[in-house]
Amino acid sequence: GNKTLNFDGSVTVEIPIPEGYQPGALKIYHVISEEEFEEIPSTVSATKNTISFSTSHFSYYAVAERHPIVVFDTDGAGEIDRQIVARDSLAKKPEDPQKTGYTFTGWKVDNESWDFSTNTVKKDITLVAQWIPNEYTITLVANGGIISSDTLKISYQDTYASLPTNITKDGFTFLGWYTAGGIEVTSETLLTNPNDHTITAQWEAINYEIILDAKGGYSQQKKKMLKN
């Protein structure tokens, strides 16, 4: 390649980019030994189709193409090791990640689906895991209350928005819906139980005041409290 002597005594070496190499992936390495290499700063000229570097001492240098790196973004489902893949080769499909409350549907890059059997890696990419929330069945135990349906279908992390809240039961006041563990569930509660489950209506009996009119007779008790 061409060599230029600089004012500081260093030499700038300009090398034509070998045919078939991707300019943006080329790096210059200082060959320290047969097993040790050190990357040094370099500049690629797309118009001249060259790569250049400066050095202040004579040694062995090598031009090499850096392989693309494939990074996996699982969106909260743990770590997957990145892969270094030869350009225009296939990446290895990892085991499907697992995420509570969701079903894994595949990988995308730049919002495009990635097929490990056909898509080749041409540059550094980040594959993002795609998920859909699972749907669960919630059984409603009204305990004598009147409701139109005793089941709900709700997706994970959605609210219990369709939960009936105006149910009635003669002689009782509705207190709310509760899980088996005693946790209240409202229409604004997020579904975080990744299983089909049951919630139960809780009621409080209404107290009634009964006034006793003896109609001229004698009664030791004029009032009596009755509870359902």
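The residues of the chain are indexed from 1 along the displayed sequence.
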Closest approach of Asp124 to Pro68 (non-hydrogen atoms, all atoms of both residues): OD1-CA, 3.3 Å
Rounded distance [0.5 Å steps], CD1 in Ile199 versus CG in Leu152: 6.5 Å
Test log, rule side chain to side chain contact (heavy atoms under 4.5 Å, CB included), inputs Lys99 and Trp131: CA-CA 9 Å; Lys99 187 177 180 181; Trp131 305 93; 3.5 Å; yes
Co-membership, hydrophobic cluster, residues Tyr178 and Ile138, 4.5 Å side-chain: no
Gln83 CD to Leu127 CG distance, which is reported to the nearest 0.5 Å: 8.5 Å
Closest contact, heavy atoms only, Ile80 versus Pro94: CG2-CB, 3.9 Å
Minimum side-chain heavy-atom gap Pro194-Tyr102 below 4.5 Å: no
Inter-residue atom distance Thr100.OG1 - Asn193.CG, 0.5 Å rounding: 11.0 Å
Cluster link Phe116 to Val71, ILVMFWY, side chain under 4.5 Å: no
Donor-acceptor contact below 3.5 Å, side chain Asp75 vs main chain Ala129: no
Side-chain touch Val185/Thr179, heavy atoms, less than 4.5 angstrom: yes
Pairwise distance CD1(Ile125) to CH2(Trp107) - rounded to 0.5 angstrom: 11.0 Å
Residues Thr151, Thr137; criterion side-chain hydrogen bond (donor to acceptor under 3.5 Å, both in side chains); working and verdict: CA-CA 7 Å; Thr151 59; Thr137 299; over 6 Å; no
Side-chain donor-acceptor pair present, Thr12, Ser54, cut-off under 3.5 Å: yes
Note, Gln157 side chain near Thr192 side chain (heavy atom, < 4.5 Å): yes
Between Asn134 and Thr103: side-chain donor-acceptor atoms closer than 3.5 Å: yes
Check: Glu112 main-chain N/O paired with Asp110 side-chain donor or acceptor under 3.5 Å: no
Euclidean distance, Lys108 NZ relative to Asp73 CG, rounded to 0.5 Å: 14.0 Å
Rounded distance (nearest 0.5 Å) linking atom CD of Gln202 with atom CD of Glu184: 10.0 Å
Test side chain to side chain contact (heavy atoms under 4.5 Å, CB included) applied to Glu204 and Leu175, step by step: CA-CA 7 Å; Glu204 182 178 61; Leu175 299 180; 3.9 Å; yes
Residue pair Thr173, Trp203: steps toward the side chain to side chain contact (heavy atoms under 4.5 Å, CB included) verdict: CA-CA 6 Å; Thr173 298; Trp203 303 92; 6.0 Å; no
Single-linkage hydrophobic cluster, 4.5 Å side-chain cutoff, Leu163 and Ile147 together: yes
Smallest separation among heavy atoms of Ser149 and Leu140, with atom names: O-CD1, 3.8 Å
Full working for ring-ring contact (aromatic ring centres under 6.0 Å, His included) between Tyr160 and Trp177: CA-CA 11 Å; Tyr160 292 74; Trp177 295 98; over 10 Å; no
Neighbour count above 12 (heavy atom, 6.0 Å) for Ile146 CD1: no
Under 3.5 Å: donor-acceptor pair, side chain of Asn143, backbone of Ala201: yes
Other residues, nucleotides, ligands: >12 heavy atoms within 6.0 Å of Lys123 NZ: no
Over all atoms of both residues, closest heavy-atom pair of Ala86 and His67: CA-ND1, 3.6 Å
CA sep, side-chain torsions, deciding dist, call: Val109, Val128, side chain to side chain contact (heavy atoms under 4.5 Å, CB included): CA-CA 6 Å; Val109 58; Val128 181; over 6 Å; no
Heavy atoms of other groups near Leu90 CG, more than 12 under 6.0 Å: yes
Tyr156 and Asp158: side chain donor to acceptor below 3.5 Å: no
pair Lys122-Thr120: side-chain heavy atoms closer than 4.5 Å: yes
